[in-house]
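Only one structure is covered here, and it is reproduced in the block below.
First the proteins, then the strands, lettered A, B, ... as listed; each starts at 1.
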There are 2 protein chains.
Amino acid sequence: MLAQVVLQNPVGGACIGPDVAEWDAGRRLSALPMPGVRMTFARGEEIFGDGEPADHVYRVISGAVRTYRMLSDGRRLISDFHLVGDFFGLEMGQEHRIGAEAIGDTEVLAVRRSTLNRRAAEDCDLSSQVWRLTADSLERTREHALLLGRQGACERVCAFLLDLADRLDQPADLTLPMSRQDMADYLGLTIETVSRTLTQLQAWNWIALPAVRRIVFTDRAAMHRLCC
Amino acid sequence: MLAQVVLQNPVGGACIGPDVAEWDAGRRLSALPMPGVRMTFARGEEIFGDGEPADHVYRVISGAVRTYRMLSDGRRLISDFHLVGDFFGLEMGQEHRIGAEAIGDTEVLAVRRSTLNRRAAEDCDLSSQVWRLTADSLERTREHALLLGRQGACERVCAFLLDLADRLDQPADLTLPMSRQDMADYLGLTIETVSRTLTQLQAWNWIALPAVRRIVFTDRAAMHRLCC
DNA sequence: CGGCTGATTGAGGCTCGTCAAATGTCGTGG
DNA sequence: CCACGACATTTGACGAGCCTCAATCAGCCG
């Protein structure tokens, strides 16, 4: 079971060593067992902001997190969504280069960077794990860039839904953790275009939308054919 | 001076230790002094392909390199351009996830991954340098994604020109190493749109185009204002 | 039931892509 | 030195796709 201590501020918090092995069964998750502090964030709450000191690395215990970059005029691109078991907030430099917010009510495990650095200096395997986190993130971001630069709205939405279903292990019947606005800001589209595209996919009988945040896949093959 | 040995195939080639310190004066360049093999590639030649084993890490000695991803129907997105002193081809996994080609005639230094891994296992600082390369690449790719997802053609072209001028240390008078097609495939546009945008920038007296591959900045401030 | 938020739908416009033609550039050979 | 061809770039006309603005609809909570 996960530990009990819950603090809003990780600095000076008690260190716990939750059993994260259960998450690590999935292929995407690296082990990286580290003592950390549990924190809870309400829906929409900022976990860290762009430019803040990168004191901690985080792992999602429950809920979901969005990391994002913004332009000075308010345009936003969500860099990635972080689901249960995913890490985020790992930076090479001293400051975060992206912001992070809780999508719904969310629990995260916060690990001090100093702790991570100290251990990584001794443990070569851990050091490699840390590198792997960055490398995996780079690979995902490259794929994301390809989608943003060279794919149409329909392809973007299909690729997104398939990827999310895969990551959430809900291959037939997906419950979206995020709003249309979040989807749009991840896909480089507007909410209207996302909405219209979902309606279109429904008209083609590729998906069904029994509820706003519920996607039922009725022709996965067609979706896969389109976007890959 | 750089060493003499030049081989088309790095496997089994003589190891040399070129003096790379001269490149590392610039802020972007990490030291990472490693023995490697020089290789030359003609304009357009493939350095490695998507899916090939990632045996080597490369550093540009002269010329320039593009790394790219493609969709099955041939649409291409250039992930990044790699200029003199830049590294590329560093992967966590066993296979390259992107392709790399020489833009013009290009010399690179190829470092065996096995050598890098062996040294990194002993040298914590080197290990950190390797991580830094990946982290820097991630940061650039995130910025790239923001550009692709949320900026217009004019902003994309301006941001690209300013970034390139900065990296080539040609702040007033830039010589482009790449074709319009390469620019378009980096910016998620078509060659026609890139060309029209350059003409537009010229009409605004923000740049001059004395030759096809030559950009003279006449209002850097305006360009900077637009895209940041 | 009413009000609030988020999602959908519609009409119209703008940006960028497509296709085609013209122009420019560069290397080769007469 | 110029003529030629191959290729890259620019320009133009037009259309498609996505965005903007606005109205309507659906859930949700008090």
Side-chain angles (χ1 to χ4, degrees), chain A residues 42-44 66 71 73-78 103-105 147-161 174-204 207-215 226-227, chain B residues 42-44 66 71 73-77 103-105 147-161 175-204 207-215 226-227:
Chain A
R43 173 171 175 276
R66 57 177 175 251
L71 294 167
D73 62 358
R75 282 174 287 178
R76 181 179 73 156
L77 185 80
I78 291 181
I103 292 175
D105 294 347
L147 179 136
L148 294 170
R150 285 293 182 230
Q151 296 191 264
C154 210
E155 293 169 295
R156 296 188 201 191
V157 171
C158 285
F160 171 74
L161 293 177
L174 174 64
T175 300
L176 298 170
M178 75 288 289
S179 68
R180 295 287 188 270
Q181 185 65 64
D182 283 342
M183 290 175 62
D185 283 351
Y186 179 75
L187 297 174
L189 301 168
T190 59
I191 43 171
E192 293 94 334
T193 299
V194 170
S195 185
R196 270 185 263 267
T197 304
L198 289 172
T199 304
Q200 186 64 72
L201 295 179
Q202 203 174 13
W204 291 342
I207 61 170
L209 289 163
V212 178
R213 295 221 177 175
R214 199 154 190 82
I215 309 275
L226 177 70
C227 65
Chain B
R43 174 171 175 275
R66 56 177 177 252
L71 294 168
D73 61 359
R75 282 174 288 178
R76 181 179 74 157
L77 186 80
I103 293 175
D105 294 346
L147 178 135
L148 294 170
R150 285 294 183 230
Q151 296 191 263
C154 208
E155 293 169 295
R156 296 188 201 192
V157 171
C158 285
F160 172 73
L161 294 177
T175 300
L176 299 171
M178 74 288 288
S179 68
R180 295 287 188 271
Q181 185 65 64
D182 283 343
M183 291 175 61
D185 283 350
Y186 179 75
L187 296 173
L189 301 169
T190 59
I191 44 173
E192 292 93 333
T193 299
V194 170
S195 184
R196 270 186 264 267
T197 304
L198 289 172
T199 305
Q200 186 64 72
L201 295 178
Q202 204 175 12
W204 290 342
I207 61 170
L209 289 161
V212 178
R213 295 221 176 173
R214 199 154 188 85
I215 309 274
L226 176 71
C227 65

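- In this structure, A:L189 CG and A:C154 SG are separated by 10.5 Å, a value rounded to the nearest 0.5 Å.
- Counting non-hydrogen atoms under 4.0 angstrom, A:R43 reaches the backbone sugars and phosphates but no base.
- Rounded to whole Å, the distance from CZ on B:R150 to P on D:dC18 is 13 Å.
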Nucleotide N/O to protein N/O under 3.5 Å, stretch nucleotides 28-30 of chain D:
none

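- Regarding B:Q202, its CD atom lies at a distance of 15 Å from the P atom of D:dT9, rounded to whole Å.
- Checked against salt bridge (Lys or Arg N to Asp or Glu O under 4.0 Å), A:R75 has the following partners two or more places apart in sequence or in another chain: A:D73, B:E155.
- A distance of 9.0 Å separates CD1 in A:I215 from CZ in A:F160, rounded to the nearest 0.5 Å.
- Of the residues in residues 189-200 of chain B, B:L189, B:T190, B:E192, B:T193, B:R196 come within less than 4.0 Å of DNA chain C through at least one heavy atom, sorted by number.
- In terms of position along DNA chain D, the nucleotide closest to A:G152 lies nearer the 5' end than the nucleotide closest to the other residue of the pair A:G152 and A:P210.
- In the helix from C:dC1-D:dG30 to C:dG30-D:dC1, the end axes, each obtained as the rotation axis mapping the C1' atoms of four pairs onto the next four within a five-pair block, lie 30° apart to the nearest 10 degrees.
- Taking CE of A:M178 as the start and CG of A:D185 as the end, the distance is 11.5 Å to the nearest 0.5 Å.
- On the nucleic acid side, DNA chain C contacts chain A at distances under 4.0 Å to non-hydrogen atoms, with the end points of that region at C:dG6 to C:dA11.
- Looking at residues two or more places apart in sequence or on another chain, you find no salt bridge (Lys or Arg N to Asp or Glu O under 4.0 Å) involving B:R180.
- Under the rule for a side-chain contact (heavy atoms from CB on, under 4.5 Å), the partners of B:A211 that lie at least two apart in sequence or sit in another chain are B:R214.
- Rounding to the nearest 0.5 angstrom, the gap separating the CD1 atom in A:I78 from the CE atom in A:M183 is 10.5 Å.
- Judged by closest nucleotide on DNA chain D, A:C154 is the one of A:C154 and A:V212 placed further toward the 5' end.
- Without hydrogens or angle criteria, A:D105 side chain to A:A42 main chain gives no donor-acceptor distance under 3.5 Å.
- Listed by chain and number, the residues in a salt bridge (Lys or Arg N to Asp or Glu O under 4.0 Å) with A:R66 are A:E101, A:D182 (sequence neighbours excluded).
- Straight-line distance from the CZ atom of A:R156 to the P atom of D:dC18: 7 Å, rounded to whole Å.
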Acceptor/donor pairs from residues 195-202 of chain A side chains to any protein atom, 3.5 angstrom cut, sequence neighbours excluded:
unit_1 : atom_1 : unit_2 : atom_2 : d
A:T197 : OG1    : A:T193 : O      : 2.6
A:T199 : OG1    : A:S195 : O      : 2.9

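- Of the possible donor and acceptor atoms, none in the side chain of A:R76 sits under 3.5 Å from a partner among the backbone N and O of A:Y186.
- Annotation: side chain of B:R150 is not in contact with side chain of A:L148 (no heavy-atom distance under 4.5 Å).
- Atom C1' of nucleotide D:dT10 and atom CE of B:M183 are separated by 13 Å, given to the nearest angstrom.
- Partners of A:R213 according to the side-chain contact (heavy atoms from CB on, under 4.5 Å) rule, which considers only residues two or more places apart in sequence or in another chain, are A:L176, A:S179.
- At whole-Å resolution of the value, CG in A:L187 and C1' in D:dC19 are 15 Å apart.
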